Amino acid sequence: MDYTIEGNPDYGHLVVSLESGETFIAEGGSMAWMSHGTQINARLLGGFTRALVRKVVGGESLFVGEFSHPEGGQVSFSPAVPGTVHHRRVNNDKLILTGGSFMACTDGVRLGTQFGGLRSMFSGEGLFFIECSGMGDLFFNSYGAMIEKDVAGDLTVDTGHVVAWEPTLSYTIRGMGGLKSTLLSGEGLAMSFSGVGKIYLQSRTMPALAGWLTPFG
């Protein structure tokens, strides 16, 4: 399978070239265009129970699309929000995604869930995260530009800017300072990461955009 990512960092768009017999899995509703003869099957990735958990607590579609072409062809995908599409090769390691960040993957990537703790529910990131493992190509997206940072120590990030991280990093969710600062500074809750590993951040957040648009509604 070959792929091309176009339009980054503002309007990322993924084009996949499938050989005969290859399959590709993508978030429901993300297909933009495809070659004539492309076959699509709706699939519950990981079975009904795991798919339902991802839908309810992870912000992902209950069904994913499984794409193939008997003679070989192309399929393109666009995320729901404008921003960056990122590729990562999963090689028997793991990556944790926040809800809504998953876009597509090859068949060897497994999607599970990770409990984020009750505080994560109030942080705006949801109660569960998506755990990607196995072996294959993983594609995920951000709102705005994607920022990669290598952490060796500690890093504090506003919760809305976190897209994904390696599980070698541990984290806690806390307020920005004391109770008064948390409630009145406008910063809300933050995720404090520690350890050694890579983290992916997004330069924009949907709640910030919604808040900016509210006076004009």
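Predicted model, so just to flag it, every value in this text is computed and none were measured.
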T156 and A190 have their tightest heavy-atom pair at CG2-CB, 3.7 Å
E22 vs V16, side chain to side chain contact (heavy atoms under 4.5 Å, CB included): CA-CA, chis, key distance, verdict: CA-CA 11 Å; E22 287 184 327; V16 176; over 6 Å; no
Using a strict cut-off of less than 4.0 Å between a Lys/Arg side-chain nitrogen and an Asp/Glu carboxylate oxygen, indicate whether R88 and E166 qualify as a salt bridge. yes
Using every non-hydrogen atom in the two residues, find where T168 and G197 come nearest and quote the distance to one decimal. OG1-CA, 3.6 Å
Measure the acute angle between the ring planes of F193 and Y171, then classify it against the limits of 30° and 60° as parallel, tilted or perpendicular. tilted
Does the S133 side chain pair with the main chain of K94, one donor and one acceptor, at a distance under 3.5 Å? no
Would the distance check show the side chain of N8 and the main-chain N or O of V85 forming a donor-acceptor pair, the cut-off being under 3.5 Å? yes
If you compare all heavy atoms of V90 against all heavy atoms of L138, which two are closest, and at what distance to 0.1 Å? CG2-CB, 3.9 Å
Heavy atoms only: give me the nearest S20-P70 pair and the separation to one decimal. OG-O, 2.7 Å
Show your working on side chain to side chain contact (heavy atoms under 4.5 Å, CB included) between S192 and D154 and close with a plain yes or no. CA-CA 7 Å; S192 294; D154 301 303; over 6 Å; no
Go through the steps to decide whether L111 and F102 satisfy the test side chain to side chain contact (heavy atoms under 4.5 Å, CB included), and finish with yes or no. CA-CA 9 Å; L111 301 181; F102 169 76; 3.7 Å; yes
Taking T4 for its side chain and L14 for its backbone only, find out whether a donor-acceptor pair lies under 3.5 Å. no
Point-to-point distance, once rounded to the nearest 0.5 Å, from CD of E71 to OG1 of T38: 10.5 Å
Measure the CE-CG distance between M191 and L155 for me, rounded to the nearest 0.5 Å. 11.0 Å
Say whether M31 and V15 are linked into one hydrophobic cluster, either directly or through other cluster members, by side-chain heavy-atom distances under 4.5 angstrom. no
For the student: nearest non-hydrogen atoms of E27 and S30, plus distance: O-OG, 2.7 Å
Looking at T84 and S142, would you say the former's side chain and the latter's main chain have a donor-acceptor pair under 3.5 Å? no
Flag side-chain contact, heavy atom, 4.5 Å: D107 against I25: yes
For T98 and W165, the nearest pair of non-hydrogen atoms, with its separation, is CG2-CZ3, 4.0 Å
So among W33, F139, F67, which one has a ring-ring contact (aromatic ring centres under 6.0 Å, His included) with F77? F67
Any donor and acceptor pair, going by atom type alone, linking the side chain of Q202 with main-chain N or O of Y143 inside 3.5 Å? yes
E19 atom CD, neighbour heavy-atom count above 12 within 6.0 Å: no
Just by distance, do the side chain of S35 and the backbone of G73 share a donor-acceptor pair under 3.5 Å? no
